[in-house]
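Below: the structure, in structure tokens.
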Amino acid sequence: MAALVPSPLPRHVAIIMDGNGRWAQRRGLSRIEGHKRGKESVRAVVEASRRLGIDYLSLFAFSTQNWDRPRREVEALMGLLRRFLRSELRDMLKNGIRLRAIGDIKRLPAALQHELQETCAATQHNHDMTVVLAVSYGGREEIVNAARALAQAVRDGRVQPDTIDERMFGSYLDTAGIPDPDLLIRTSGELRLSNFFLWQSAYTELYVTNTLWPDFREAEFLEALAHYRERDRRFGRVTAQVERERLRAAR
Ligand code: IPE
Ligand code: IPE
Ligand code: MG
């Protein structure tokens with residue numbers, strides 16, 4: 001059943017930017033051409049999010065498992081990412097956007113690491129919106145790293161095991177301090193998470209479109225947001241409870 005009062009805009013939107021390879025192959029182009037074209041879609045969703053007042057936009061750019069792709073494709077992606085950061089940095093600063101990188105950054109080529117660190121540092125005082133770039137990121141890896149750090153903290157006597165709760169565990173994840181995504185968009189039709197935000201997506205609304213990432217622009221983004229606003233987010237409760245709270249909050 002659709003909600004009686006539409007949900008507000010999502011505070012945090014996460015996107016699995018998938019389908020670059022298929023976009024290119026359908027046109028007889030190399031997969032890398034598809035990755036190049038994906039850049040325009042990134043710009044479109046960042047600009048639309050900024051304008052609409054979305055606080056956090058997370059973009060899954062490269063997964064831990066993507067390291068297993070052919071070396072040429074991996075190298076091309078790393079180069080594209082670096083050039084993207086360099087060329088878009090000025091716009092990000094101008095638009096008041098802060099960049100945060102999550103994932104196993106140390107595994108990236110030194111030049112890309114450097115570019116990421118510089119961009120994150122240069123934009124750290126911007127407060128209009130945060131773009132979270134997930135590169136060399138995997139949800140399971142992130143959870144294992146958090147468990148390892150917590151185990152170490154317990155061994156050092158800094159944490160008592162019975163004080164570990166969801167909030168504390170979340171503070172050991174790469175996304176510490178970032179609210180869970182309200183909406184997760186996946187382009188190009190695949191009905192899976194592919195190791196993205198496993199912990200964070202417990203109550204996230206999922207939206208999958210067949211549109212391939214290079215074709216996903218503002219109109220498609222707005223459509224996803226419109227779908228989200230029709231959703232009835234119950235968090236395990238019943239609709240009447242949720243509606244009552246929403247009306248109370250709106251007063
Ligand atoms: C998404 O597009 C970009 C990355 C995973 C880096 P793909 O490269 O996965 O494109 P498809 O899914 O093969 O079409
Ligand atoms: C998920 O897409 C990762 C990114 C979009 C960065 P994949 O193309 O790697 O996912 P699978 O292989 O189809 O599950
Ligand atoms: Mg893919």
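Remember, it's 1-based here, ligands and their atoms both numbered in the order they're listed.
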Point to revise | Ligand-side contact atoms (ligand 1) for residue partner H35, heavy atom cut-off under 4.0 Å | key: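 Those atoms are 3 (C), 8 (O).
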Review point. Of the backbone and side-chain N, O or S atoms of D18, does one lie nearer to the Mg ion (ligand 3) than 2.8 Å?
Key: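 Here the distance criterion (N, O or S atom, under 2.8 Å) is met by D18, so yes.
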Check your understanding: Which residues satisfy the side chain to side chain contact (heavy atoms under 4.5 Å, CB included) test with R83, sequence neighbours excluded?
Key ->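 If we apply the side chain to side chain contact (heavy atoms under 4.5 Å, CB included) test to R83, skipping adjacent residues, the hits are L80.
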Check your understanding: Considering residues at least two apart in sequence or located in another chain, which fulfil the side chain to side chain contact (heavy atoms under 4.5 Å, CB included) criterion with Q25?
Key ->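 Once residues adjacent in sequence are excluded, the partners of Q25 under the side chain to side chain contact (heavy atoms under 4.5 Å, CB included) criterion are R31.
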Practice item. If a pair satisfies ring-ring contact (aromatic ring centres under 6.0 Å, His included) and one of its residues is in residues 72-109, list it, with sequence neighbours excluded. Key: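 Every pair satisfying ring-ring contact (aromatic ring centres under 6.0 Å, His included) with a residue in residues 72-109: there are none.
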Review point. So, for E88 and K39, which heavy atoms are closest and what is the spacing to 0.1 Å?
Key: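 Result for this residue pair: OE2-CE, 3.8 Å.
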Check your understanding: Looking at side-chain heavy atoms only, is the closest gap between R140 and I143 below 4.5 Å?
Key ->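 No, their side chains stay 4.5 Å or more apart.
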Review point. Between L81 and W23, is there a shared hydrophobic cluster once you connect ILVMFWY residues whose side-chain heavy atoms come closer than 4.5 Å?
Key: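 No, it is not one cluster - the side chains of L81 and W23 are not joined through contacts under 4.5 Å.
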**Study point:** Residues lining ligand 2 [heavy-atom distance under 4.0 Å, listed by chain and residue number]
**Key:**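 For ligand 2, the contacting residues are I16, M17, D18, F60, A61, F62, N66, R69, R186, R192, S194.
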Point to revise | Test salt bridge (charged side-chain N to carboxylate O under 4.0 Å, His left out) applied to D104 and R107, step by step | key: CA-CA 6 Å; D104 189 1; R107 211 174 154 183; 5.2 Å; no
